Amino acid sequence: VRPLTYSRAAGIDHALVLVGTSPASAFLAGGTTEVDLIRAGVSQTEHLVDINDLPLAGVEDRDDGGVHIGALARMSDVARTPSVVQRYPAISQALLLSASEQLRNMASMAGNLLQRTRCPYLRDGVSPCNKRDPGSGCAALDGIRTLGPGGARSLRIDDFFLLPGGTPEVEHPLAHGELIVGIEVPGARSARRSVYLKVRDRQSYEFALVSVAAALAVDDGVVTDVRLALGGVGTKPWRARRAEAALLGGRADEASFRQAAAAELAGAVVRRHNAFKVELAQRAMVRALVHNQEGRQP
Amino acid sequence: MTLVEPQRAVVGPASVPVPLEVNGRQHVVDLEPRVSLLDALREHLDLTGSKKGCDQGTCGSCTVWVDGRRVLACLTLAMAASGHEVVTIEGLADGDELHPMQKAFIEHDAFQCGYCTPGQIMSAVKLIEEGHAGTDDDIREFMSGNICRCAAYPNIRAAIRQVRDRAGGGA
């Protein structure tokens, strides 16, 4: 492990000053990725600013039916917060099906948003990887999960995760020393019976092959509000806007769900080892939507 | 209880004295900031019960409690644990009287090589406190962060069920 310096921030301003002093400084929250990547020699961090004393761990109800999640709230605590369970069951489920209880007890919500790709070529520190060294030309096909950021600068979740483009090593638009202080999850009528489905090689403690979060509001058999997102199918969490457009205003039945899923995946570009995900993602979307209609988690 | 004034100043990369509370005892250990809680326990405090399996947060053999929550000592920096209450497998027994979970692991032969066992036990005690031991499915799911290379899982579940049922007022 490379040598490190360490300090504990007494407040948010103090934390920003400490990290701002050097490009090799980084915030330390749960440490589940940061410490791991430092040990692996992947992270170039030389100074850690421990922000765990900052008062950013709360989860509060919003008047609009949503929730405000503090940056330092731990995944296990958020998953069991009654208002999250009631208002956003899909978020609670997504958190409970992540990692292990020990890691969920440690990992902060903001750190979760910033988790780096789990690709072996990033993590081994040896293989060429354009997520670590720009321009070396590997294809990173894995993705990270999302809930929704906010803060002093307010960033939309759609703008928070960047496509690789010409700068694959840049995964989010935060400037060095910019700190996530909270995550705003606005109220949504469809969210109270939202569901989350995670398909994986191993039943627990495993990343998704494909995951689906689905929220649907139906009046008289017609879809009046819908939010659909996929994980594990792109380099960022994938909002299924084509499927949403196909569903909105239509019947909430399985035939419609199939058509919408097909519309979303029609433009998918596959490679040799992930072609199976096109069919898998469609089946997962349909299953999540059917379960949503039946009012139970998949 | 806050034990020390946190390290507001920048320290390291050389060693500095770090106060650590482990199993109810106060220690001051000379540590570099890069030292993990696991290495501090094993290499500096001679508490070798917590095991180093993967050292990357995957296997669970280093599971300890910090402020009453089960966490991974390999991904926790020792310095970050300063001022918090750490409990390891060595802190579980009451003198020579084993903790009920330790007894249950012996009675149910819930290990073969035993390397993962301290982590399994530290996780299992919390599992019951958290209320996640209601069904075998729950036990499987919420113990999934503790890998057993010998696959003693059925016996581990049996040990957990025994402690759960006795703690619940039975026997």
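All values reported here derive from a predicted model rather than from experimental measurement. Here is the naming used below: chain letters follow the sequence lines, and residue numbers restart at 1 for every chain.
- The CG atom of Leu72(B) sits 9.0 Å away from atom OG1 of Thr32(A), with the distance rounded to the nearest 0.5 Å.
- To the nearest 0.5 Å, the span separating OG1 on Thr63(B) from CG on Asn105(A) amounts to 10.0 Å.
- When atom types are taken as modelled, the side chain of Tyr205(A) and the backbone of Asn146(B) share no donor-acceptor pair closer than 3.5 angstrom.
- The part of Leu48(A) that comes within reach of chain B is its side chain, from C-beta onward, which places non-hydrogen atoms under 4.5 angstrom from that chain.
- Within the 4.5 angstrom heavy-atom criterion, atoms from both the backbone and the side chain of Glu141(B) approach chain A.
- Once rounded to the nearest 0.5 Å, the distance linking OG1 of Thr33(A) with CD of Gln56(B) reads 11.5 Å.
- Considering all non-hydrogen atoms of both residues, Ser7(A) and Ala9(B) come closest at CB-O, 3.5 Å.
- When Leu97(A), Val35(A), Leu4(A) are compared by the number of non-hydrogen pairs under 4.5 Å with chain B, Leu4(A) comes out ahead.
- For Arg140(B), the CZ atom counts as densely surrounded, since its 6.0 Å shell holds more than 12 non-hydrogen atoms of other residues, nucleotides or ligands.
- The side-chain heavy atoms of Glu130(B) and Ser76(A), taken from C-beta on, include no pair separated by under 4.5 Å.
- Taking OG1 of Thr5(A) as the start and CZ of Arg34(B) as the end, the distance is 12.0 Å to the nearest 0.5 Å.
- Between Arg39(A) and Cys74(B) there is a side-chain heavy-atom pair separated by less than 4.5 Å.
- For Arg8(A) (side chain) and Met79(B) (main-chain N/O), a donor-acceptor pair under 3.5 Å exists by modelled atom type.
- Taking Val66(B), Leu127(B), Val71(B), Val35(B) one by one and counting their heavy-atom pairs under 4.5 Å with chain A, the maximum is reached by Val71(B).
- Heavy-atom pairs under 4.5 Å with chain B peak, among Val49(A), Asp77(A), Ile38(A), at Asp77(A).
- Contact count versus chain B (heavy atoms, under 4.5 Å) is highest, among Gln203(A), Glu46(A), Glu34(A), Arg80(A), for Arg80(A).
- By the 6.0 Å contact criterion, CZ on Arg25(B) is open, its count of non-hydrogen atoms from other residues, nucleotides or ligands being 12 or less.
- Defined by atom type and a distance below 3.5 Å, a donor-acceptor pair is missing between the side-chain atoms of Ser123(B) and Glu101(A).
- Ranked by heavy-atom pairs under 4.5 Å with chain A, the list Leu77(B), Thr76(B), Asp55(B) is led by Asp55(B).
- Only the side chain of Asp50(A) comes within contact range of chain B, judged by heavy atoms closer than 4.5 Å.
- Each of Arg104(A), Arg74(A), Met106(A) was evaluated against Arg69(B); a single residue qualifies, Arg74(A), per the side chain to side chain contact (heavy atoms under 4.5 Å, CB included) test.
- Heavy-atom minimum distance, Ser100(A) versus Gly145(B): CB-CA, 3.4 Å.
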